[in-house]
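One structure is given here, and the rest of the page talks about it.
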Amino acid sequence: MPEKRIVRIKVRRQDGPTANETQRWEEFAVEWHPQMNIISALMEIQKNPVTADGKKVPPVVWESCCLEEVCGACTMIINGKVRQACSTLIDKISPNGETITIEPMSKFPLVRDLIVDRSRMFEDLKRVKAWIHLDGSHELGPGPRQSQENQEEAYPLSRCMTCGCCLEACPQVGPGSDFIGPAAINQVRLFNLHPSGKMHAAERLEALMGPGGVADCGKAQNCVEVCPKEIPLVDSIASVSRQTTKHLLFGWLLK
Amino acid sequence: MAQKSSIVTESGKVRRVIVVGGGLAGLMTVIKLCEAGIPVDLFSLVPVKRSHSVCAQGGINASVNTKGEGDSPEVHLEETAYGGDFLANQPPIKGMTYAAPGIVYMLDRMGVPFNRTPEGLLDFRRFGGTLYHRTAFAGATTGQQLLYALDEQVRRYETVDVEDARGVVIRGEKMVRKWELWDFLGLVLDDEGRARGIVAQDLKTMAIEAFRGDAVCLATGGPGMIFGKSTNSVINTGTAASAAYQAGACYANGEFIQVHPTAIPGADKLRLISESVRGEGGRIWVPKDPKERRRGRDVPEKERDYFLEAKYPGYGNLVPRDIASRELFLKCFHEGRGVFNPKSGKNELEVYLDVTHLPKDLLRKKLAGVLEIYEKFVGEDPYENPMRIFPAVHYSMGGLWVDFEKSADGKLVVGSPRNQATNIPGLYAAGEVDYQYHGANRLGANSLLSCIYGGMVAGPAIASYVKNLKTSSFDLKSSIFDKAAKREQDRYDAILKMDGKENPYVLHQELAQVMLRDCTIERHNDVLDKVIAKIDELEDRWHDIGVPDTTPRANQGAQFVRHLRNMLVIARVIATGARNRDESRGAHYKPDFKQRDDENWLRTTMAFYQTDGKRSAVNFVRSFDYTMLDKTIHVTDAVDVSLVKPRPRRYEQAGAASAAAKGAVDGGAAQKPKEQSTTATAE
């Protein structure tokens with residue numbers, strides 16, 4: 001019989017945002033199984049919430065939903081890198097049984113353990129008016145015709161799942177800065193591309209022209225490195241940046 | 001006397017409707033309510049943008065006939081009824097298929113990046129159970145794109161002020177208030193049994209609160225987690241539907257659980273590989289030699305068994321899901337002809353799904369999103385190697401019973417308060433949580449459609465209900481809300497005090513094992529008796545749980561104990577319904593009763609909750625009465641098959657599913673509904 005393979009996981013835990021005294025690392029040893037990912041490892045801890053040194057603890061809490069990297073819920077910092085827990089396969093990151101570390105994202109308020117509060121990202125979508133201003137849901141016939149090229153440009157941008165990786169990785173986002181971050185800027189590019197969305201382009205650009213707007217990007221380009229959906233975020237920032245400059249210089253002419 | 005205004009009460013308070021669930025059905029209901037001028041409180045277990053609708057991949061059906069194939073809503077109606085093995089009421093299907101082109105156009109206007117034709121029109125592809133190109137799609141992440149479009153519209157309503165009848169802004173009140181990361185615990189019912197609000201729990205602080213609503217709509221999705229690993233998201237425990245059922249709502253056709261033929265086996269979930277892969281030309285096969293040791297890509301064409309194409313030349317790889325799943329199961333489980341694994345020396349429960357013969361450019365443009373999932377989670381390149389897949393639990397055709405009012409032309413009366421209404425006055429349901437549109441088996445790409453259509457119907461229905469309500473919930477005394485909140489608080493406190501020896505996650509695993517093994521593709525009565533006995537045992541052991549967590553914040557352990565109990569209750573509805581139905585129809589297949597038996601079983605299974613305080617029980621009824629705005633409505637289990645006469649399914653013949661609309665069946669579609677339908681054969 002081959003020896004049981006053990007996966008070692010160190011989790012940074014804290015009971016609540018103000019409960020600093022409860023901040024701690026706990027190490028768990030769970031039995032390896034085929035196709036194991038971070039989520040299925042955490043699920044094993046739920047079934048037997050005992051640390052590697054035999055202490056019974058409350059199970060680790062985390063956010064997750066679809067487990068196939070389309071919902072954006074399970075973002076965490078795994079071995080120092082921000083990513084989705086569901087698509088992090090144990091065999092890939094710990095081929096020789098190396099201990100895996102898991103931490104919550106640091107740029108958002110902590111809720112508990114690995115859960116953080118990302119509601120600011122949804123508020124930002126309101127700020128930039130990331131929607132088509134529809135007349136109503138009643139029947140008004142098809143939308144505007146669009147070329148295949150336009151669809152192929154828009155579709156990758158619209159796959160943003162508000163997971164927060166780009167904000168976490170951005171050196172400009174953090175306490176003491178109100179930079180809106182790449183995700184919302186990318187949405188402005190997306191809606192300003194759409195034939196009906198374009199009609200309200202100015203409002204979106206103006207939302208990004210003040211403090212915390214697109215000009216606060218420091219061009220570190222970390223965002224595009226960590227985006228799990230490989231959205232061309234740097235291109236989006238450059239495109240929106242050009243649009244705001246144009247709007248600043250010539251926008252008054254159009255009024 | 002109805003209320004004067006649907007915006008403010010007699011005493012001047014803003015009236016709201018509660019929608020629970022922020023997937024496609026919930027969001028569409030919210031949009032329709034807002035358009036009717038009714039403010040909404042929207043509750044969701046997760047931020048709505050993360051709802052399970054994101055997982056839908058392949059597309060949404062609408063018979064626009066852009067390819068000039070002669071497709072029409074009438075054909076779509078017939079194929080949906082036929083695919084569902086005639087268990088669905090047909091007027092709601094007709095309403096849906098005729099509304100479908102308008103729905104897709106609306107989504108197009110909302111900015112969904114649908115794939116395009118060279119002319120700039122919407123592109124459509126093929127899906128299961130049809131020969132027509134009827135499915136609009138945005139790459140292979142259509143559900144995500146549709147959800148985002150509706151989410152954006154609802155977000156806009158979060159910024160829109162409530163105005164009174166004269167157009168004066170009511171300060172501080174927005175059309176939509178979102179309560180994200182809140183768990184639905186139960187309904188608030190008044191003395192007449194009318195839904196007046198809900199009790200919900202904040203999943204961060206664990207605070208429990210009662211909320212008033214002039215009506216409540218559940219759009220909370222399916223119960224896939226009962227089967228443990230499935231294609232469903234982890235939030236799909238069916239907890240809200242179960243709570244409503246326990247409060248007296250009827251649960252219908254629970255035994256009809258769809259198993260999707262193509263998913264990737266995984267440790268934490270079974271990830272869906274969309275039917276669109278076959279719609280674009282993907283082929284299913286196993287090696288002819290059961291001991292074939294070569295990799296899939298190295299097996300020559302003539303040594304491959306394309307078994308679906310061989311047995312069903314008419315629809316081939318696009319036979320409906322119930323049939324495809326049974327054939328895959330037969331091949332792997334009974335014939336032992338799954339892909340051979342030289343390492344383990346056995347035939348795995350896997351068959352090949354092959355797209356390697358298709359142009360890479362087409363795959364990238366139309367299927368990248370789903371092929372990327374395979375690549376990420378299996379670690380193999382599906383552009384070069386045939387994928388290895390197996391069936392997985394996917395969708396519940398059954399759900400909360402909802403009513404409909406039929407119009408003269410066989411569709412639904414728009415704005416009737418009966419549409420999407422459950423038997424609890426003031427409680428509505430839409431989306432996968434209802435039982436209405438798919439009968440015994442759902443066709444691919446009809447779920448996104450039924451979710452949105454359900455919301456489009458529920459919104460105006462609720463608006464009519466609210467307008468005709470005598471007393472607003474916002475003018476009722478607070479005692480019924482306080483009482484309901486206390487009831488749920490007591491239940492939660494009792495869970496926190498549970499100090500037995502069972503771990504809830506382990507109990508869930510045990511439930512899932514039997515449900516998955518014994519209550520899915522093939523069902524045997526003696527085995528189902530054991531499943532029900534197991535549910536008895538698990539319900540007893542539930543009382544002996546030791547709550548794994550007593551932390552006051554974000555306590556997922558205590559929450560799961562509650563969801564587990566609710567899952568056990570619905571598991572019993574599913575298993576008992578399956579035990580009783582001695583026939584084979586759609587997804588429900590009993591090898592001992594291979595025939596479809598229209599004489600005895602062309603009827604809706606209607607379940608009501610019973611309990612002795614310890615265990616749950618199911619009370620199946622053939623009819624019941626419910627009250628809609630002071631009118632008593634009599635409901636029976638008869639299925640409305642007035643539009644497409646039931647006939648045996650014959651997917652081996654091309655065009656069999658659309659034969660009536662095309663005039664190839666005697667007497668056409670519904671010209672002779674008088675004829676008694678006879679016992680038919682399931683394949």
Side-chain angles (χ1 to χ4, degrees), chain A residues 15-16 33-37 39-40 43 46-49 58-59 61 64-73 86-87 89 92 111-113 115 117-119 122 125-126 129-134 136-137 139-143 145-148 151-152 154-155 158-159 161-162 191 194 196-197, chain B residues 28 31-32 35 46-47 49-50 52 54-55 102 105-106 108-111 113-116 118-122 138-139 141 144-145 148 152-153 155-156 158-159 180 204 233-235 265-269 271-272 365 369 373 376-377 379 456 503 505-506 509 548-551 553-554 556-557:
Chain A
D15 292 351
H33 51 252
Q35 297 142 339
M36 193 173 194
N37 58 6
I39 300 284
S40 66
M43 285 173 166
Q46 279 181 330
K47 283 178 220 156
N48 183 28
V61 298
S64 66
C65 188
C66 77
L67 309 190
E68 56 192 50
E69 213 188 60
V70 282
C71 79
C86 64
S87 57
L89 305 181
K92 281 223 171 121
V111 175
R112 184 188 163 191
D113 288 352
I115 305 178
D117 180 356
R118 281 171 279 186
S119 45
F122 299 107
L125 294 177
K126 284 185 205 163
K129 299 185 165 54
W131 51 68
I132 303 286
H133 201 120
L134 211 69
S137 66
E139 288 201 27
L140 288 171
R145 285 197 188 193
Q146 288 186 58
S147 67
Q148 290 178 325
Q151 191 271 343
E152 282 160 27
Y155 174 68
S158 73
R159 295 183 69 202
M161 48 191 191
T162 330
F191 285 96
H194 188 272
S196 327
Chain B
M28 195 65 231
I31 292 169
K32 281 292 180 192
E35 288 181 348
V46 289
K49 218 184 157 178
R50 311 201 193 288
H52 178 61
V54 290
C55 287
Y105 290 150
M106 172 197 76
D108 182 26
R109 286 167 43 229
M110 286 179 179
F114 284 120
N115 282 54
R116 301 276 159 175
E119 206 179 319
L121 298 171
L122 298 180
T141 59
Q144 180 194 39
Q145 296 304 317
Y148 289 1
E152 288 148 9
Q153 296 303 315
R155 186 165 295 107
R156 187 168 71 78
E158 279 186 272
T159 68
E180 293 176 319
K204 293 204 274 273
S233 295
V234 295
I235 54 173
D268 52 342
K269 96 170 273 192
R271 293 175 180 86
L272 178 68
K365 282 184 179 160
I373 289 176
K376 277 199 176 168
F377 289 93
M456 282 194 140
N503 176 306
Y505 298 102
V506 174
Q509 193 176 14
D549 194 350
T550 52
T551 314
R553 255 182 99 72
Q556 296 177 338

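Each chain gets a letter, A, B and so on, in the order its sequence line appears, and its residues count up from 1.
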Residue pair Pro59(A) / Gln556(B), side-chain heavy-atom distance below 4.5 Å: no

Donor-acceptor contact present, side-chain Gln151(A) to main-chain Pro113(B), <3.5 Å: yes

Note, Glu152(B) side chain near Ile132(A) side chain (heavy atom, < 4.5 Å): no

Intermediate values then yes/no, side chain to side chain contact (heavy atoms under 4.5 Å, CB included), Gln35(A) and Asp268(B): CA-CA 9 Å; Gln35(A) 297 142 339; Asp268(B) 52 342; over 6 Å; no

Test item: Arg50(B) side-chain N/O and Met161(A) main-chain N/O as donor-acceptor pair under 3.5 Å: yes

Nearest-0.5 Å distance that lies between atom SG in Cys86(A) and atom NZ in Lys269(B): 8.5 Å

Toward chain A, the part of Gln509(B) with a non-hydrogen atom under 4.5 Å: side chain

Exam field: side chain Gln146(A) to backbone Gly120(B), donor-acceptor pair closer than 3.5 Å: no

For chain B, the option from Pro34(A), Gly197(A), Ala130(A), Ser147(A) that forms the most heavy-atom pairs under 4.5 Å: Ala130(A)

Which portion of Thr159(B) sits near chain A, non-hydrogen atoms under 4.5 angstrom: side chain

Chain A contact via Pro47(B) - which portion, at a heavy-atom distance below 4.5 Å: side chain

Top contributor to chain A contacts, counting heavy-atom pairs under 4.5 Å, from Val234(B), Ile373(B), Leu272(B), Leu121(B): Val234(B)

Heavy-atom closest pair, residues Pro118(B) and Gln148(A): N-NE2, 3.4 Å

Residues Tyr155(A), Asn115(B); criterion side chain to side chain contact (heavy atoms under 4.5 Å, CB included); working and verdict: CA-CA 9 Å; Tyr155(A) 174 68; Asn115(B) 282 54; 5.8 Å; no

Validation row: Gln46(A), Pro548(B) side chains within 4.5 angstrom (heavy atoms): no

Side chain proximity check, Tyr505(B) to Asn48(A), heavy atoms < 4.5 angstrom: no

Sole residue of Cys65(A), Cys66(A), Cys71(A) in side chain to side chain contact (heavy atoms under 4.5 Å, CB included) with Ile235(B): Cys65(A)

Test item: Lys204(B) and Ile115(A) side chains (from C-beta on) under 4.5 Å apart, heavy atoms: no

Segment of Leu134(A) engaging chain B (4.5 angstrom heavy-atom cut-off): both

Arg553(B) side-chain N/O to Val111(A) backbone N/O, donor-acceptor pair under 3.5 Å: yes

Interface residue of largest heavy-atom contact number with chain B, from Lys92(A), Glu152(A), Lys129(A), Met36(A), under 4.5 Å: Glu152(A)

Chain B interface, residue from Pro49(A), Gly141(A), Ser196(A), Ala154(A) that has the most non-hydrogen pairs under 4.5 Å: Gly141(A)

Top of Ile39(A), Asn37(A), Leu67(A) for chain B proximity - count of heavy-atom pairs under 4.5 angstrom: Leu67(A)

Region of Leu140(A) in contact with chain B, defined by heavy-atom distances below 4.5 Å: both

Part of Glu35(B) within contact of chain A (heavy atom distance under 4.5 Å): side chain

Minimum heavy-atom distance Thr551(B)-Pro58(A), with the two atoms named: OG1-CG, 4.2 Å

Contacting region of Phe191(A) [heavy-atom separation from chain B under 4.5 Å]: side chain

Backbone of Gly136(A) reached by a side-chain donor or acceptor of Arg109(B) within 3.5 Å: yes

Main-chain N/O of Pro142(A) paired with Asp108(B) side-chain donor or acceptor, under 3.5 Å: no

Top of Glu139(A), His194(A), His133(A) for chain B proximity - count of heavy-atom pairs under 4.5 angstrom: His133(A)

Verdict with supporting geometry, Arg145(A) and Glu119(B), side chain to side chain contact (heavy atoms under 4.5 Å, CB included): CA-CA 8 Å; Arg145(A) 285 197 188 193; Glu119(B) 206 179 319; 3.2 Å; yes

Side chain, backbone, both or neither of Phe377(B) within contact of chain A (heavy atoms, under 4.5 Å): both

Arg155(B) and Lys126(A), any side-chain heavy atoms less than 4.5 Å apart: yes

Side-chain (Asn503(B)) to main-chain (Lys47(A)) donor-acceptor, under 3.5 angstrom: yes

Closest-packed option against chain B by number of heavy-atom pairs under 4.5 Å, given Gly72(A), Ser64(A), Gly16(A): Gly72(A)

Engaged part of Arg159(A) at the chain B interface, taking heavy atoms whose separation is under 4.5 Å: both

Ion pair check, Asp549(B) and Arg112(A), cut-off under 4.0 Å: yes

Pairs of heavy atoms under 4.5 Å with chain A: top-ranked of Met456(B), Glu158(B), Glu180(B), His52(B): Glu158(B)

Trace of the side chain to side chain contact (heavy atoms under 4.5 Å, CB included) decision for Lys49(B) with Phe122(A): CA-CA 9 Å; Lys49(B) 218 184 157 178; Phe122(A) 299 107; 3.9 Å; yes

